[in-house]
Structures are given as structure tokens and as C-alpha cells.
Amino acid sequence: MNKPVTVDESLAREFGLTGEEYGRVLSIMGRTPSLTELGVFSVMWSEHCSYKSSRKWLRGLPTKAPWVIHGPGENAGVVDIGQGYAAIFKMESHNHPSFIEPYQGAATGVGGILRDVFTMGARPIANLNALRFGSPENPITRRIVDGVVRGIGGYGNCVGVPTVGGEINFHPAYDGNPLVNAMTVGIARQDRIFLSAAAGVGNPVVYVGSRTGRDGIHGATMSSAEFDEDALSKRPTVQVGDPFIEKLLIEACLELMATDAIVAIQDMGAAGLTSSAVEMAGKGGVGIELDLDAVPQREPNMTAYEMMLSESQERMLMVLRPDRTELARQIFEKWELDFAIIGHLTETGHIVIKHKGQLEADIPLEPLADEAPVYDRPSIAPQKPAELGSVHAPLSLDAMLLQLVASPDLASRAWVWNQYDSTVGGQTIRRPGAADAAIVKVEDTQLGLALTTDCTPRYCQADPRTGGAQAVAEAWRNITATGARPLAVTDNLNFGNPEKPEIMGQFIAALEGMGEACKVLDFPIVSGNVSLYNETRMPDGTTQAILPTPAIGGLGVLDDVSTAVGLGMQPDSDLVLIGATKGELGQSIWLREILGREEGAPPAVDLAAEKRNGDFVRAEIQAGQISACHDIADGGILVAAAEMVMASGTGCELESPDSGIRPEAFWFGEDQARYLVCVADAKSFCAKAAQAGVPARLMGRSGGNELILPSGVTISAARLKSAHETFFPALMDQ
Amino acid sequence: MKAAIVVFPGTNRERDMAIALRRVTGQAPRMIWHHETDLSGVDLVVLPGGFSYGDYLRCGAMAAHSPIMRAVRDFAAKGGHILGVCNGFQILTESNLLPGALLRNADLRFLSQDCHLRVEVEGTPFTRRWKKGDIFRTPLAHGDGNYTADAQTLAVLEGEGRVAFRYADAKGRVCADDRTSNPNGSVNSIAGVLSENKRICGMMPHPEDLVDPLMGGEDGLPLFEGLVEALVR
């Protein structure tokens with residue numbers, strides 16, 4: 001069954017290496033590599049593992065703050081949340097597998113990001129996600145949505161980590177390449193954080209978890225190429241998840257982590273045993289020798305090449321103190337998980353792989369890492385979009401509002417959330433839809449975490465720099481709107497083929513915007529993931545890139561979780577608009593849904609105003625002056641007000657704008673840095689805002705159960721909700 | 001009241017349950033690994049929610065054959081009090097400690113949402129803090145919560161007042177065919193049942209996840225307070 005293969009440049013190309021890269025392999029090895037060695041090089045140098053197109057630009061992002069304990073470079077980012085606790089979090093994509101096999105693709109995406117977090121010693125306490133699907137009219141979209149939602153739920157529900165938040169967009173640009181970005185947040189004591197750098201020559205290398213099978217071989221390489229028509233025939237490269245084993249693995253690892261047995265630990269994610277062994281030894285500056293005969297195997301007759309490249313799920317690699325090996329074995333046996341000593345650390349600086357008495361690979365680790373290709377790919381700076389000319393509303397305000405709240409990107413996500421267990425753990429303070437960010441309490445403390453995922457791809461497409469800044473600003477604003485203090489972000493950079501100069505130009509510009517926003521808002525990036533080659537090859541040979549989608553996962557902290565506010569309209573309050581309104585309709589949802597146009601420049605992002613307005617809102621929430629708060633995003637003021645009404649069932653009578661701005665621009669414009677808040681007395685509140693240099697004005701008065709427009713037209717909360725809740729069931733349960 | 005929570009591989013709501021029990025008893029419950037067999041000194045055994053053994057084969061089927069369940073059966077035979085929630089309810093039916101079975105939800109999707117329960121019988125250790133007809137809100141989260149039993153069993157359960165809770169709307173109206181008020185399609189909208197001696201209760205929803213105003217309410221608290229009252233020593 002294993003035909004002898006000739007290792008040469010043509011095989012290297014099949015494995016995704018370029019001719020130049022293969023030349024580099026030859027010079028490092030000083031000979032023709034073995035099949036296993038070529039496999040190791042090809043996955044370690046894949047875009048997915050090496051970040052070869054993006055690394056140069058990632059270096060420019062702000063990653064530091066006094067509260068950052070570990071930034072990028074570890075399995076996940078770590079920040080100080082006070083009282084000796086750390087939050088550990090990261091977001092990661094599983095885009096390509098989720099198109100090929102939506103259920104398993106999404107499920108294993110959740111499993112993989114969970115492992116990145118608990119491998120550092122954290123108990124996972126919350127999952128979020130950021131999902132992009134193709135057009136609802138495309139017949140395959142429904143199948144993908146169904147599989148992805150079932151997969152996320154199937155995995156997260158079983159491992160018992162609540163899925164508390166996320167976002168979903170639909171756009172034809174994702175027709176052949178949906179995005180599934182999964183985020184996990186965990187909690188650890190700051191003095192119990194585990195890292196991946198191996199140490200101690202002679203220390204045992206231990207494999208725990210599921211057995212190794214042939215699933216997922218070359219998954220990392222697949223994720224580093226565009227899709228063609230044969231994509232669906234690549235199913236064998238998609239892994240299969242087992243959340244039950246993951247749950248056991250979490251509990252067993254956390255039990256072991258309470259001892260002093262572990263020197264280093266890393267999950268086996270993309271490129272499996274190869275990347276975990278190479279990275280652990282490489283970071284520690286030691287060598288590693290593996291005996292593959294000892295690897296627990298699911299199938300007979302696996303070759304060294306297959307074992308090294310398998311992406312079988314739910315596996316971890318650890319370096320243990322030799323005198324604690326038996327203790328560790330007992331813990332894993334209690335949890336009925338495989339435990340095997342498969343090698344040891346050496347002083348050679350090489351990874352040496354033996355199998356059935358044969359030497360299968362012997363690669364020097366330093367050049368494998370240091371001589372990994374880094375590309376400064378040619379780029380073309382994106383053109384500034386043309387300003388949107390004058391536009392006119394074709395319908396009445398109430399008709400447009402009802403159409404907008406029913407549209408795919410704004411419709412209720414309850415159909416989705418209701419398939420995710422959001423309460424397991426008993427710490428969920430605000431469930432999906434109740435506040436701008438999900439709020440999860442840290443058990444046995446009063447600390448709360450505010451968590452959100454955000455990105456507006458249509459802004460990024462029109463102006464990547466502004467879109468990148470806006471994604472960060474919106475995450476910061478959503479956290480602020482709960483009263484929490486934004487601390488840090490994880491990012492998931494989803495773009496097209498970086499070998500196209502215009503895509504590279506999008507990437508560079510989006511990162512510039514993100515970096516600037518992170519700097520001004522003091523909101524550093526502590527972990528992340530890059531997913532490139534998100535394109536679909538069309539039957540005519542052209543390729544279609546996704547909208548640039550730098551998804552941001554934001555984390556904030558509440559010192560006292562009971563101070564958090566939600567977005568539901570509170571009765572007998574004044575509704576106040578915070579922030580300046582010019583009525584920016586370029587790239588707005590209104591323009592797209594009502595006029596069918598995707599045009600113009602996205603709303604400007606004024607980071608100084610963002611910070612000033614947000615700091616004021618947060619301080620007022622903390623002072624108990626604000627009883628509800630909602631940021632104004634897609635759909636503008638009127639949609640935000642309607643969302644507040646739908647969330648609580650309490651109505652509101654809106655004031656006439658009297659602003660000199662056309663009504664559709666005032667009500668549906670997507671100007672940034674704005675909030676709607678419920679306060680007891682608008683007059684004194686607005687005076688205080690004015691002192692802080694923050695624009696604020698009375699926007700309405702809450703009460704009853706209807707939204708009353710300035711024209712006197714009324715829409716009941718029930719009518720809004722029925723329009724809002726139609727889309728998903730109609731799409732999915734047809 | 002000395003409470004013990006049984007933990008199977010794949011159990012995942014034991015922490016939630018421990019929080020609720022700690023809240024009413026002031027002490028941490030004993031956590032019992034499924035390989036143990038000693039329940040001495042325990043007043044209440046709780047089988048919590050989760051996916052024991054991954055819910056492979058059938059929900060609760062493998063847990064029903066674990067070593068601790070022999071001890072739980074003995075405990076039941078001696079008149080011990082047992083609460084099974086969600087996966088715990090499934091384990092109780094698979095162990096024949098309660099009648100009936102839990103099928104896949106009627107619409108074949110996992111459900112995670114709030115529901116309303118109507119209290120159907122008062123004065124039991126599980127319902128003594130409520131009156132018959134009281135309505136309370138509680139989260140539910142399951143894929144297999146569609147309760148069913150044969151006609152004869154149902155007649156016995158209904159006749160002997162052994163239906164503890166029914167799914168209802170916020171006003172207490174029960175309609176078995178309405179997915180809004182009876183989300184998983186359970187027969188007669190049954191959400192929880194009792195053993196013949198009314199000392200074993202199984203229910204699908206999670207009262208333990210609504211015992212703190214911070215979490216959105218304390219609607220689930222009376223169940224645990226009632227147990228403390230009934231089992232005080």
C-alpha cells in the first residue's frame with residue numbers, strides 16, 4: 001500500500017513548496033530529504049504554520065500594555081484581570097474545512113481553539129465565534145449554515161463550555177469560502193500558567209489523548225491554497241472531532257496542571273505531531289527524539305510520514321519531570337485516556353524520528369525555524385472609494401425600519417443561539433442578545449469578563465484601513481457599552497490570495513488601521529491567527545476573493561460584575577444619543593438593503609472621539625447613571641433604538657432630529673463612536689457630557705410597548721420582533 | 001442536608017449544581033467519581049447534566065452501568081432521595097429508577113433557551129416550596145429531552161400525581177402540540193417525573209442555573225430550598 005516515492009522538486013511542489021523553497025530544504029539538509037523530512041518541511045513552511053506572507057506586517061501591531069502577561073508567540077494571549085487571575089484567549093479560523101465538511105470543520109475548529117487555551121493552564125469558560133456565509137439565495141448556503149451551527153453546538157455543548165456570543169454576516173463573496181472563526185476564553189491563576197518551551201535534556205516527551213489516525217493529513221497545506229472545483233473531493237483532509245475525549249482531556253490536563261509534573265505542554269493542532277514537537281523543542285533550544293512505535297495508533301500500518309502529518313484531534317504533547325511520570329500516567333488512566341512516552345529531549349538541536357528501527361528523519365531545528373521563508377509580497381495600495389452622491393429614501397421610515405430589522409445581516413440570531421448551550425458553568429450573566437458584549441463571571445469572584453467578536457467586512461472591502469480601525473473600535477465600543485474596561489484583543493485575519501498585489505494591499509492597509517486603533521484605544525493584540533487564500537476558483541478559471549475580514553475578538557473586565565448593563569430599553573427613562581451625527585450612508589446597510597447598492601466610503605473612524613465618548617459612557621455606567629446602553633452600528637440610530645425595544649419589550653417615543661440632516665441619513669447613517677443610553681434625566685446627563693466634550697442630546701422617552709416615530713407612526717415591539725425573527729427560521733426550516 | 005454529586009466522564013454541569021447546593025446548604029457537596037461505590041452518610045444524591053460517555057450509544061445508557069449506579073440503586077431501594085437533571089434524568093430512566101424515556105427533541109435540534117414550568121404536585125421534597133399551579137422560569141439545554149412513556153405508564157404517572165413539572169407558557173397554559181410552550185415535544189408536556197415513593201425526581205430543565213439574581217433570577221432556588229427543608233437532620 002505504500003508505494004516507494006521519489007522525493008524531488010515535483011513532489012515538493014505537490015506538497016505546496018515552491019522550487020526556491022525546495023532548494024532551501026536541500027541546502028539545509030545537504031542531501032535529498034526523506035519523504036517524512038519533506039513532509040515536515042512542507043507543513044512547517046506552509047502559510048498556515050509559518051505566516052510567511054504576513055509575518056513582516058504582523059510585527060508592526062501593538063502587542064504590549066502593563067496588563068499583558070503573554071502576547072503573540074504563545075498558544076494564546078494572556079492578560080491580567082486582577083485578583084491574581086489571568087484571562088487566556090485566542091481566536092482561530094477553520095474556514096477551508098468548514099466549506100468541505102461544515103459539521104466537522106466547525107466542530108474541530110472549536111476543539112482546536114479550546115486546546116490552545118487549556119494547554120496554557122486555563123479552564124475554558126466561554127466560546128464565541130465569527131461566521132461569514134454566502135448569499136442566503138445560494139442553495140448551498142443553507143447546508144453550510146446548518147452544518148456549521150450544528151458543529152459548533154455539537155462540540156461546545158458536549159465539552160460543557162458555554163457559547164456566549166458571536167456574529168454572522170451573509171455576502172455572496174463567501175459563497176464558495178465561508179469563514180468560521182472560533183474564539184475561546186479561559187481563566188487561570190497568574191502563577192499557574194503553562195508554556196510550550198521544552199527544557200531538560202533527557203526529560204520524557206509524553207503523548208496523551210486520542211490515538212493517531214490517517215485523518216487530516218496535510219490539512220495545513222490545504223488551508224494554504226485556494227479552492228478549486230475539486231475542493232469537495234478533499235474531504236479526507238478534514239479531521240473528525242470527539243468532544244467527549246476533549247472534555248476528558250481538559251479535566252485530565254487541569255488535574256495534572258495542579259501538580260508540578262509539567263515542564264512544557266502544547267496541543268497538537270495544525271500539522272499535528274510535527275508542529276508540536278518542532279515548536280516545543282525549537283522554543284526551548286533543545287533537540288527532540290521521537291520513537292513513533294510508541295505513538296498510540298488508531299489504524300494499522302501507519303507510516304512515519306502519516307503519523308507526523310496526521311491532524312487527528314484531541315491530542316497533546318508534554319514534557320514531564322521524569323520523577324512525576326507515574327503520577328501523570330495515573331491521572332490519565334483515571335480519565336481513560338491514552339498516555340505514552342514517545343521520546344525524550346536531547347542536546348543535538350535536531351528533531352530525530354525513528355520508526356520500526358529505521359531513522360525516518362533527522363532535521364536541524366534552528367534552520368527549520370530561522371530559514372523558514374518570509375515574503376515581502378508585492379502590494380498595490382487600495383484606491384480610496386468614491387464618495388457616495390446624494391441618495392433618497394424610496395419608502396417611509398417605518399417601512400424601511402421593518403425591512404432592515406428583517407434583513408439577513410440584522411435579523412435575530414436566536415435560531416442560532418438557541419442551539420448553543422450558553423448557560424453551562426453557571427456563570428453567564430448576559431446571554432447572547434442581552435448586551436453588546438457577553439458577560440461571564442469569574443467563578444468565586446465578583447470579576448466579570450465582557451466578550452465580543454466584531455468586523456464589518458463591507459467597510460474593509462471599500463477601505464481596508466478604515467475598516468480595520470473600525471473593527472477594533474467596534475469591539476472596544478461593545479465592551480464599553482456594558483460598562484467593562486477593554487483590555488486586549490485577539491484577531492483572525494481572513495483574506496484572499498496574498499500572491500495577488502491587490503489582496504496584499506488590502507492586508508497591509510487593514511493592519512495599519514487595526515494597529516492605529518489598538519494604539520489609540522490602548523487595546524493591544526495579544527494573540528491571533530491569519531487565514532489567507534480564501535478564494536474560490538470559478539468554472540471560468542477566475543478566482544473570487546472573500547471580502548477582507550479581519551475579525552476582532554475583544555476582551556474587557558468588570559471589577560464588579562453586578563455593575564454591567566444590558567441593551568434592553570428600561571422603562572420611564574430618557575433616551576440619550578451620545579456622539580456626533582453627520583448621517584454617513586456610504587457602505588451602510590440601509591444603502592445595500594433599501595437601494596441595493598454597495599457604494600461609497602465607509603463612515604470615518606475618529607479614534608480620539610471614540611475614546612472620549614467611550615470613556616465617558618463607561619464612567620457613567622460605573623457611576624450607576626446609565627441603566628441600558630447600546631452602541632450604534634449597522635443600521636444606525638433607528639435600528640439601534642428598535643433593537644433596544646425588542647430586547648426588553650419596553651417601547652420608546654423618539655424625538656424629531658431637528659438636525660438639518662435628511663431623515664434617512666440621520667436615522668440610518670452609520671457614523672461611528674455613538675451610543676444610545678437610558679438615563680433618569682437627560683438634562684443633567686447632557687450637561688455633564690458637554691463638560692467632558694462629548695456630544696449628547698435627548699433622543700426620546702421610554703415607556704409603553706411601542707416604538708413611536710417622530711411622525712407619530714407607531715410600531716409595536718411585537719411587530720418589530722415578528723419581522724426580526726422571521727429570517728433564520730424561514731431560511732433554515734423550509 | 002449532606003448532598004453528593006455523581007461525576008461521570010463527560011458530566012459537565014456538576015459545577016453549576018455544586019453552586020446551587022452550596023448556596024442553600026452553605027457547604028460544598030461531595031463530588032463522587034463514577035468508580036466509587038460508597039454513599040454512606042449522604043442524604044441527597046444528584047446526577048447532574050452533561051454528556052456522560054459522550055452520549056454515545058444512547059444518552060445515559062452507559063452511565064447506567066457504571067459502578068456508582070449500583071450504589072445509587074441500593075440507595076434508592078433504602079428510600080434515599082435522588083435528583084437527576086438533564087443527563088441525570090436520562091440516566092435515571094436508563095437505570096429504570098424512573099419510568100419512560102427521553103427521545104430526540106421533536107424538531108431534531110439541540111435547544112438552549114428559557115422555558116416555563118408549571119408545578120403539578122405539591123408537598124414532595126422537590127416541590128414543597130411551591131403550590132400546585134405555580135409557574136417558574138428555568139433554562140433548558142438538551143438535544144434529547146422529548147419525554148415519552150407507554151399509555152399505561154402515563155396513566156399511572158398522571159393518576160398517582162407523579163408528574164412533577166410540565167412545560168407551560170408564561171401564564172401557565174399547557175399545550176403539548178405547541179413548540180413555543182413545549183419546546184422538545186414531550187408527551188403531555190412532561191418536564192419532570194417522580195418515583196412511586198416521590199423521593200426520586202428527574203427533570204430536563206436546569207433549575208440550578210437560575211439561583212442568583214446576577215444570572216437573571218432565582219426561580220430555581222425553591223427546589224433546592226425545599227430539599228434542604230425536607231432533608232434537614
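Just so we're on the same page: letters track the sequence lines, and every chain starts at 1. None of these values were measured; they are calculated from a predicted model.
With a 4.5 angstrom heavy-atom cutoff, Glu336(A) touches chain B only via side-chain atoms. In this structure, chain A has heavy atoms under 4.5 Å from both the backbone and the side chain of Asp114(B). If you measure heavy-atom distances from Arg430(A) to chain B, you find no contacts under 4.5 Å at all. Contact of Val149(A) with chain B is not made at all, since no heavy-atom distance falls under 4.5 Å.
A side-chain donor-acceptor contact under 3.5 Å links Asn12(B) to the backbone of Cys158(A).
Between Arg109(B) and Asp146(A), at least one side-chain N (NZ, or NE/NH1/NH2) sits under 4.0 Å from a carboxylate O, which counts as a salt bridge.
Per-residue counts of heavy-atom pairs under 4.5 Å with chain B were compared for Asp242(A), Asp444(A), Ile439(A); the largest is that of Asp242(A). Between chain B and the options Ile250(A), Ile429(A), Thr428(A), heavy-atom pairs under 4.5 Å are most frequent for Ile429(A).
Listed by first then second residue, pairs satisfying salt bridge (Lys or Arg N to Asp or Glu O under 4.0 Å) with a partner in residues 39-62 of chain B read Asp43(B)-Arg233(B), Arg58(B)-Glu94(B), not counting sequence neighbours.
Interatomic distance, CG of Asp212(B) versus NZ of Lys441(A), reported as 7.0 Å (0.5 Å rounding). In this structure, CZ in Arg13(B) is found 4.0 Å from CG in Asp421(A), a value given to the nearest 0.5 Å. To the nearest 0.5 angstrom, Tyr53(B) atom OH is 14.0 Å from Lys247(A) atom NZ. Atoms CZ and CZ, from Phe51(B) and Phe244(A) in turn, are 12.0 Å apart once rounded to the nearest 0.5 Å. Separation of atoms CD (Gln446(A)) and CG (Leu214(B)) is listed at 6.0 Å; rounding is to 0.5 Å.
The salt bridge (Lys or Arg N to Asp or Glu O under 4.0 Å) search around Asp144(B) returns Arg104(B), not counting sequence neighbours. Taking the side chain to side chain donor-acceptor pair (under 3.5 Å) definition, one finds that Thr138(B) meets it with nothing, sequence neighbours left out.
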* Walk me through it: do Ile19(B) and Glu443(A) pass the test side-chain contact (heavy atoms from CB on, under 4.5 Å)? => CA-CA 10 Å; Ile19(B) 292 167; Glu443(A) 195 175 335; 4.0 Å; yes

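Residues of residues 25-40 of chain B placed with any heavy atom under 4.5 Å of a heavy atom in chain A are listed by number as Trp33(B), His34(B), His35(B).
The heavy-atom pair separating Leu248(A) from Pro9(B) by the smallest distance is CD2-CB, 3.6 Å. A pairwise comparison of heavy atoms in Thr423(A) and Pro139(B) identifies OG1-CB, 4.3 Å as the closest pair.
Inspection of the Ser112(B) and Arg431(A) side chains reveals no N or O donor paired with an N or O acceptor under 3.5 Å.
Within a 6.0 Å radius of CZ in Arg179(B), more than 12 heavy atoms belonging to other residues, nucleotides or ligands are found.
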